[in-house]
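If you read the sequence from its start, that first residue is 1, and numbering goes on from there.
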Amino acid sequence: QVQLVESGGGSVQAGGSLRLSCAASGWTNGYLCMAWFRQSPGKEREGVASTSLLGRSTYYADNVQGRFTISHDNDKKTLSLQMDSLKPEDTAKYYCAAAKFGCNNSWQTRSQYDYWGQGTQVNVSS
């Protein structure tokens, strides 16, 4: 059973930075794509960024492109999200997810992901 545990959330002012981490346990080599999603009250969970575990292919949502950077360390089994130039609209609960499909243009489809973490809250004040 794969378990994903997020950390690093918190409160920051607009323009600030945060770094989220996701630690994976019970890992198997069959998982190929990992991603960060977020959800704020009253809104659907949306994809933020994803990365292929087989290489360095990355995908970003348009509204975070250039501000967020996703990375992974296969040896440490961790996924990270560096968030810079944060905006109040980035306020949400952020979730880590893992999938057996290879990251591609459908990476934002939630049903493709097999495992999810419990989330970590990010609050950005203006």
Side-chain angles (χ1 to χ4, degrees):
Q1 182 81 2
V2 174
Q3 288 189 321
L4 304 173
V5 179
E6 302 94 337
S7 61
S11 297
V12 65
Q13 288 191 325
S17 298
L18 282 174
R19 186 176 181 86
L20 305 183
S21 294
C22 173
S25 61
W27 200 247
T28 72
N29 292 328
Y31 287 88
L32 304 179
C33 183
M34 292 193 74
W36 288 98
F37 282 73
R38 68 185 182 187
Q39 188 170 19
S40 50
K43 294 187 177 180
E44 289 193 356
R45 192 171 297 190
E46 63 173 358
V48 175
S50 72
T51 182
S52 168
L53 300 186
L54 298 180
R56 294 297 172 184
S57 297
T58 57
Y59 300 82
Y60 294 94
D62 289 343
N63 54 6
V64 305
Q65 180 78 47
R67 300 189 297 120
F68 290 11
T69 304
I70 190 171
S71 60
H72 64 89
D73 185 324
N74 287 350
D75 291 336
K76 296 181 180 178
K77 296 182 173 56
T78 58
L79 178 74
S80 298
L81 185 69
Q82 177 66 40
M83 305 187 295
D84 298 319
S85 302
L86 282 161
K87 303 176 181 180
E89 51 263 43
D90 295 318
T91 294
K93 195 166 189 178
Y94 284 70
Y95 298 87
C96 172
K100 292 183 177 178
F101 83 108
C103 286
N104 54 34
N105 289 337
S106 64
W107 68 272
Q108 291 176 300
T109 303
R110 298 191 302 272
S111 60
Q112 301 218 51
Y113 293 86
D114 304 288
Y115 291 101
W116 295 83
Q118 293 300 307
T120 185
Q121 182 67 38
V122 171
N123 296 311
V124 184
S125 59
S126 57

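Annotation: side chain of Gln121 is in contact with side chain of Thr91 (closest heavy-atom distance under 4.5 Å). Between Leu53 and Leu32, every side-chain heavy-atom pair lies at or beyond the 4.5 Å cut-off. Contact annotation: the side chain of Ile70 never approaches that of Met34 to less than 4.5 Å [non-hydrogen atoms, C-beta and beyond]. Residues Phe68 and Leu18 have side chains not in contact (no heavy-atom distance under 4.5 Å, counting atoms from C-beta outward). At a threshold of 4.5 Å between non-hydrogen side-chain atoms, the residues Tyr115 and Gln1 count as touching. Within the 4.5 Å cutoff, the side chain of Leu20 has heavy atoms near those of the Val122 side chain. Taking the side chain as every heavy atom from C-beta outward, Leu4 and Tyr95 never approach each other to under 4.5 Å. At least one side-chain heavy atom of Asp90 sits under 4.5 Å from a side-chain heavy atom of Arg67.
The minimum heavy-atom distance between Ala14 and Pro88, with the atom names listed, is CB-CD, 4.0 Å. Minimum heavy-atom separation, Ala35 to Ser50: CB-CB, 3.7 Å.
Residues satisfying the side-chain hydrogen bond (donor to acceptor under 3.5 Å, both in side chains) criterion with Gln39, sequence neighbours excluded, are Arg45. Evaluation of the ring pair (Phe, Tyr, Trp, His ring centres under 6.0 Å) rule for Phe37 yields Tyr113, Trp116 as partners, not counting sequence neighbours.
Annotation: the span from Ser52 atom OG to Phe101 atom CZ amounts to 9.5 Å, rounded to 0.5 Å. In this structure, CG on Asn63 lies 5.0 Å from CZ on Arg38, to the nearest 0.5 angstrom. A distance of 11.0 Å separates CG of Leu86 from OG of Ser11, quoted to the nearest 0.5 Å. To the nearest 0.5 Å, atom OG1 of residue Thr69 and atom OH of residue Tyr60 are 4.5 Å apart. We find the CD-OG distance between Gln82 and Ser21 to be 9.5 Å, quoted to the nearest 0.5 Å.
A side-chain donor-acceptor contact under 3.5 Å links Glu6 to the backbone of Cys96. Of the possible polar contacts, one joining the Gln112 side chain to the Ser106 backbone as a donor-acceptor pair under 3.5 Å is found.
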| query | Given the rule in the side chain to side chain contact (heavy atoms under 4.5 Å, CB included) test, do Ser57 and Cys103 qualify, once you have shown the distances and angles that lead to the verdict? | reply | CA-CA 8 Å; Ser57 297; Cys103 286; 5.8 Å; no
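Taking hydrophobic clusters as Ile, Leu, Val, Met, Phe, Trp and Tyr residues chained together by side-chain heavy-atom distances below 4.5 Å, Val48 shares a cluster with Leu79. The hydrophobic cluster containing Val2 does not contain Trp107, counting ILVMFWY residues as joined when their side-chain heavy atoms lie under 4.5 angstrom apart, directly or transitively. Both Met83 and Trp36 are members of a single hydrophobic cluster when ILVMFWY side chains are connected at heavy-atom separations under 4.5 Å.
Counting heavy atoms of neighbouring residues, nucleotides and ligands inside a 6.0 Å radius, atom CD of Gln118 does not exceed 12 of them.
Ser17 and Asp84 share a side-chain donor-acceptor pair at under 3.5 Å.
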